[in-house]
Amino acid sequence: MDWISLATQLFPGGHTIVEQDDFLTGTAQVDGVTVSVIGSSGHAPIGVEIALLQAQAILATVRNFPQRPIVILVDTQGQRLRHRDEMLGINSYMAHLGKCIALARSRRHKIIGLVYDQALSGGFITSGLMADACYALPEATIRVMGLPAMARITKVPLERLTELAKNNPVFAPGPVNYLQMGGIEAIWDGDLALLLAQALQDANPADRRSAAGQQRGGRSQALPVAQAVLANASPA
């Protein structure tokens with residue numbers, strides 16, 4: 001789904017979202033409440049420019065509109081794979097974006113992420129996955145890494161990874177698998193405006209993804225390992 005059609009369905013009360021070079025920003029009305037909207041479009045590769053623009057938009061909301069809800073619209077092919085961006089420190093820019101979203105959460109801004117088209121690797125991890133809760137449309141594509149690339153990196157044959165992906169959501173792309181792992185809260189199908197309003201009402205800054213992944217059978221060890229680490233951590 002293109003972002004213009006999405007915005008029409010999400011924000012029937014009106015919006016001021018604009019797109020420039022695959023960067024989305026603006027405000028919208030959700031159930032009578034003004035929300036800030038940031039995001040990306042066109043399967044955008046997240047380079048230093050978009051990462052910085054998104055971080056600036058988050059900080060501007062925190063500074064000028066305390067506790068205003070924030071909606072992050074995700075359509076990205078991941079971080080931009082260019083020598084220029086690597087030399088400029090794209091990892092630091094993306095980490096900065098993630099920390100800005102974490103700051104907004106700590107300042108009691110309710111934050112909802114929505115994957116409406118494509119979500120890959122670091123471009124997703126530092127945006128939608130940093131929200132209080134992330135949702136996806138049924139036709140969305142979500143993956144950390146494509147299986148061919150995973151085969152090259154891990155040296156595990158592609159045939160073996162393809163076989164594993166049939167039964168293990170960690171290896172397989174798609175919103176259903178990320179729902180099982182707890183990465184997304186739900187797959188939205190129906191009245192998107194109503195679903196968004198309900199999501200903002202239910203938003204909770206507590207991280208429930210590991211528990212959800214265990215309950216849904218997608219990740220059996222994430223929660224107990226995290227609990228064990230916390231239980232045995234030395235006091236600061």
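- Considering all non-hydrogen atoms of both residues, Val74 and Ala119 come closest at CG1-CB, 3.9 Å.
- Put simply, the side chain of Thr16 never gets that close to the backbone of Gly26: no donor and acceptor are under 3.5 Å apart.
- Leu53 and Val18 fall into different hydrophobic clusters, where Ile, Leu, Val, Met, Phe, Trp and Tyr are joined by side-chain heavy atoms under 4.5 Å apart, directly or via other members.
- Judged purely by atom type and a 3.5 angstrom limit, Ser40 uses its side chain to pair as donor or acceptor with the backbone of Asp75.
- Other members of the hydrophobic cluster containing Val30, listed by chain and number, are Met1, Trp3, Ile4, Leu6, Leu10, Phe11, Ile17, Leu24, Val35, Val37, Val71, Leu73, Ile112, Leu114, Tyr116, Tyr135, Leu137, Trp188, Leu192, Leu195, Leu196, Leu200; membership follows side-chain contacts under 4.5 Å among ILVMFWY residues, whether direct or relayed.
- The neighbour count for Arg208 CZ, taken as heavy atoms of other residues, nucleotides or ligands under 6.0 Å away, is above 12.
- Here the closest heavy-atom approach between residue Ala133 and residue Glu185 is recorded as CB-CB, 4.2 Å.
- By the rule that hydrophobic residues join a cluster once side-chain heavy atoms approach within less than 4.5 Å of another member, Tyr178 and Val176 end up as members of one cluster.
- Counting non-hydrogen atoms of other residues, nucleotides and ligands closer than 6.0 Å to CG of Asn64 gives a total above 12.
- Nearest heavy atoms, Ala55 versus Cys100: CB-SG, 3.9 Å.
- In this structure, Asp202 places its CG atom where more than 12 heavy-atom neighbours from other residues, nucleotides or ligands lie under 6.0 Å away.
- Atom CZ of Arg80 and atom CD1 of Ile90 lie 7.5 Å apart (nearest 0.5 Å).
- Transitive grouping of hydrophobic side chains (ILVMFWY, heavy atoms separated by less than 4.5 Å) brings Met130 and Met181 into a common cluster.
- Both Phe124 and Ile187 are assigned to one and the same hydrophobic cluster, defined by single-linkage of ILVMFWY side chains at heavy-atom distances under 4.5 Å.
- Other residues, nucleotides and ligands contribute at most 12 non-hydrogen atoms within 6.0 Å of the CG atom of Asp21.
- The structure places OG1 of Thr126 at 7.0 Å from CD1 of Ile101, a figure rounded to the nearest 0.5 Å.
- By the neighbour-count criterion of 12 heavy atoms within 6.0 Å, atom CZ of Arg107 is sparsely surrounded, having that number or fewer from other residues, nucleotides or ligands.
- Judged by distance alone, the side chains of Gln29 and Thr34 do bring a donor and an acceptor atom under 3.5 Å apart.
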Practice item. Could you go through the side-chain contact (heavy atoms from CB on, under 4.5 Å) check for Gln227 and Ser210 one step at a time? Key: CA-CA 10 Å; Gln227 291 174 332; Ser210 294; over 6 Å; no
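- Following chains of ILVMFWY side-chain contacts shorter than 4.5 Å, one cannot reach Leu97 starting from Val48, and the two form parts of different hydrophobic clusters.
- With hydrogens and angles disregarded, a donor-acceptor distance shorter than 3.5 Å links the side chain of His109 to the backbone of Gln67.
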